[in-house]
Amino acid sequence: MPHRAHLTSLKLCHAFIQSCITDKYSQSRFAKDLLAGLTVGIIAIPLSMALAIASGVAPQYGLYTAIISGFIIALLGGSRYSISGPTAAFVVLLFPIAEQHGLAGLLLATVMSGVILVLMALMRLGRLIQYIPESITLGFTAGIGVVIATLQLPDFFGLSLGSLPEHYWEKVALIANGLPDAHWPSVLVAGATLIVMLLWPRLKLPVPAHLPAVILGSLVAIVLGNQGYDVATIGSRFHYLMADGSTGMGIPPLPPEFQWPWLQPGADGEPVTISWSLIQALLPSAFAIAMLGAIESLLCAVVLDGMTSTRHSTNSELLGQGIGNIVSPFFGGIPATAAIARSAANVKSGGQSPVAGMIHALVVLLALLALTGILSFIPMSAMAALLLVVAWNMSEAPKAVHLLKTAPKSDVTVFLVCFFLTVIFDMVIAISVGVVLASLLFMKEVAEMIHVRDVTNDPRFVAEELGQETVVLRIEGPVFFAAADHVFGEVKRLGDNKRQIILQMENVYILDAGGLSGLLRFIEHCRQNQCYLMICDLQFQPLKALARAGVNPEDGVIKFYPTLIETLVELRTVD
């Protein structure tokens, strides 16, 4: 039987087809989807190439990703407005993979990440993403923005540095030492592109800034070239082998072709051999790609829900992302996920349905087939300027600054740890440490909120006067492993030298194994000190935990009561 997430995707596809049949999907809606798809496709063309280059592969592989993954995920995903393709968030993960294992290793890791995403969808784990705190997502996205911006500086300034070192601070030192040799024509092209990217949105024109910025940068590069000042372009940097054995410049004007991922060139330029050791080496990266893809796609879907007052299907979105990332590498596609900026542009451009996402993919395909000669003139420094703006936008700097100013110290600590670990080491370590640290700090805060109150003389709880040898203690909060020692240590202190201790547990909704162990130790303490423990107002989960542990009433040691009132009635009878 197909899983529910799979059924949901099938229902979404069926609902869309049915709406077309019944004329709910009208010509006017298609016209809006067509305009939105054209707009987002224009944005995606330079971005896809730039992100592929930043990830360590040739620009055409970014276009292949936007075409194949963009179409499949739009068709099968659970968010009708999402636009998927290569994204900046992946760059810090993909660049090391491409360096160590080549294109073949990167494509294999993409397939593995797609399988993981499908498994997450079938296991209905989509909702677990919401448990990742905002301080973590802001921390690693800000860190990714810094790393991406740093990686663009050599092309921005036209530096010939060769391969950058592995560690971040070594990269920064090498770039800083090379700045005196900056190539001023490249800087001029990058500056012109950057100025257009920053100023164009103020004109509030329907044309996205990426297109005029890249066009102006290319024109400046052509003018400088005619004056004898060469600027590195896609055509001069990248080459491909043509059918007749000759070498072409730039991007091959061919649609994505099916090829087994492992037959693509590895780090040494030769096809790789699939082995268990290679799978083991790629598995951590594949898991990180899957987790980041899930986080990005679901965050994007939530943002789009807010913009359109709609609801997405979480697990169907993961399923579509997974299938897209499984299929795309067989056509040269690198990891893809929903892109928040492109998806928001889709909504603002009037996108009505997944058709806009599919049209966007077809626009990129058309550009690949018809415009490769023009695309080869795009300067590398212009692409670097483009990615600097992308890095700034994805860093969400204003949001991060607001968090630093207003959030509790624990959230600020998690943010800073994730940020610096992402920059200095990598995102996998940052997220892992961030989740653990956030969990520990959260448990610490919850543990500090738990109180044991002596309500013996509080008329709101005890309407009569009790003897000196009786104490009524009220526990407020979840009794779990991080708080158990504190809770029952306080109970022991307040109940010292008492013959009867009444524990009211009305506000204890959780009693885990650690809390149960602490309670059992306290029961043994009561047994040894001939103290009578009376527990009342038990909630369902603590009662179930006690029953499973076999904690039963014991004469002279412990007894359970439904309410505090019945406990006090019983206490008067005993007295």
Side-chain angles (χ1 to χ4, degrees), residues 32 34-54 59 62-63 66 70 81-89 91 141 144-145 148-149 151-153 155-156 186-223 231 233-234 300 303-304 307 338-351 356-357 359-360 363-364 366-367 371 374-375 377-399:
K32 292 179 180 179
L34 179 61
L35 177 61
L38 287 170
T39 302
V40 181
I42 291 170
I43 296 173
I45 293 167
L47 271 182
S48 298
M49 293 190 296
L51 292 168
I53 295 169
L63 297 176
Y81 301 103
S82 289
I83 302 295
S84 295
T87 61
V91 169
T141 51
I144 290 171
I148 292 173
L151 292 175
Q152 304 318 304
L153 295 180
D155 281 334
F156 188 96
S186 296
V187 176
L188 183 61
V189 170
T193 306
L194 188 60
I195 288 172
V196 175
M197 284 290 297
L198 296 177
L199 297 182
W200 188 266
R202 297 184 181 182
L203 300 178
K204 300 185 183 303
L205 297 175
V207 180
H210 302 73
L211 184 61
V214 170
I215 290 174
L216 179 63
S218 301
L219 291 175
V220 172
I222 291 172
V223 171
V231 176
T233 63
I234 289 177
C300 178
V303 171
L304 296 176
M307 294 177 66
I340 295 178
R342 274 163 275 172
S343 300
N346 177 38
V347 173
K348 292 177 181 177
S349 301
I359 291 174
H360 132 271
V363 170
V364 178
L366 181 63
L371 302 176
I374 297 174
L375 296 178
F377 287 103
I378 297 178
M380 297 301 300
S381 54
M383 302 294 268
L386 195 70
L387 283 180
L388 282 178
V389 177
V390 171
W392 170 260
N393 290 335
M394 80 162 296
S395 70
E396 296 190 272
K399 205 171 181 180

Exercise for review: Find the distance between CG (Leu34) and CG (Leu38) and round it off to the nearest 0.5 Å.
Suggested key: 4.5 Å

Point to revise | Verdict with reasoning, Met197 to Leu386, per side-chain contact (heavy atoms from CB on, under 4.5 Å) | key: CA-CA 7 Å; Met197 284 290 297; Leu386 195 70; 3.6 Å; yes

Point to revise | Heavy-atom check, side chain of Val187 versus side chain of Ser381, under 4.5 Å | key: no

**Study point:** Set of residues satisfying side chain to side chain donor-acceptor pair (under 3.5 Å) with respect to Lys399, sequence neighbours excluded
**Key:** Glu134

Review point. Got a second to check how far Ser349's OG is from Ile42's CD1, nearest 0.5 Å?
Key: 9.5 Å

**Study point:** Least distance between heavy atoms, Lys32 atom then Gly350 atom
**Key:** CB-O, 3.3 Å

Check your understanding: How far does CG of Leu211 sit from CD1 of Ile45, to the nearest 0.5 angstrom?
Key -> 8.5 Å

Study note, to complete from the structure: Hits for side chain to side chain contact (heavy atoms under 4.5 Å, CB included) against Ile195, two or more places apart or cross-chain, chain-then-number order -> Leu199

Study note, to complete from the structure: In this structure, CG of Leu63 is separated from CG of Leu47 (nearest 0.5 Å) by 11.0 Å

**Study point:** Pairwise distance CG(Leu151) to CD1(Ile53) - rounded to 0.5 angstrom
**Key:** 13.0 Å

Practice item. Take Leu375 and Ile234 through the test side-chain contact (heavy atoms from CB on, under 4.5 Å) and record every step on the way to the result. Key: CA-CA 7 Å; Leu375 296 178; Ile234 289 177; 5.5 Å; no

Exercise for review: Measure from the side-chain N and O atoms of Asp155 to the backbone N and O of Met380, and report whether any donor-acceptor pair falls under 3.5 Å.
Suggested key: no

Check your understanding: Do side-chain atoms of Ser343 reach the backbone of Ile83 as a donor and acceptor pair under 3.5 angstrom?
Key -> yes

**Study point:** Shortest non-hydrogen contact between Met383 and Ala50, atoms and distance
**Key:** CE-N, 3.3 Å

Point to revise | Considering all heavy atoms, the nearest Gly145-Ala391 contact | key: O-CB, 3.4 Å

Exercise for review: Check step by step if side-chain contact (heavy atoms from CB on, under 4.5 Å) holds for Ser82 and Leu304.
Suggested key: CA-CA 8 Å; Ser82 289; Leu304 296 176; 3.5 Å; yes

Review point. So, for Val189 and Gly217, which heavy atoms are closest and what is the spacing to 0.1 Å?
Key: CG1-O, 3.4 Å

Check your understanding: For Ala88 and Ile148, which heavy atoms make the closest approach, and how far apart are they?
Key -> O-CD1, 3.0 Å

Review point. Hey, does Met394 have a side-chain heavy atom less than 4.5 Å from the side chain of Thr87?
Key: no

Exercise for review: State the CG-CH2 distance between Leu198 and Trp392, to the nearest 0.5 angstrom.
Suggested key: 10.5 Å

Review point. For the residue pair Val231 and Pro379, what are the closest heavy atoms and their distance?
Key: CG1-CB, 4.1 Å

Exercise for review: May I ask you to decide if Arg342's main-chain N or O and Asn346's side chain share a donor-acceptor pair within less than 3.5 Å?
Suggested key: no

Exercise for review: Apply the test side-chain contact (heavy atoms from CB on, under 4.5 Å) to residues Leu387 and Leu51: give CA-CA distance (whole Å), side-chain angles for both, the deciding distance (0.1 Å), then the verdict.
Suggested key: CA-CA 8 Å; Leu387 283 180; Leu51 292 168; 3.6 Å; yes

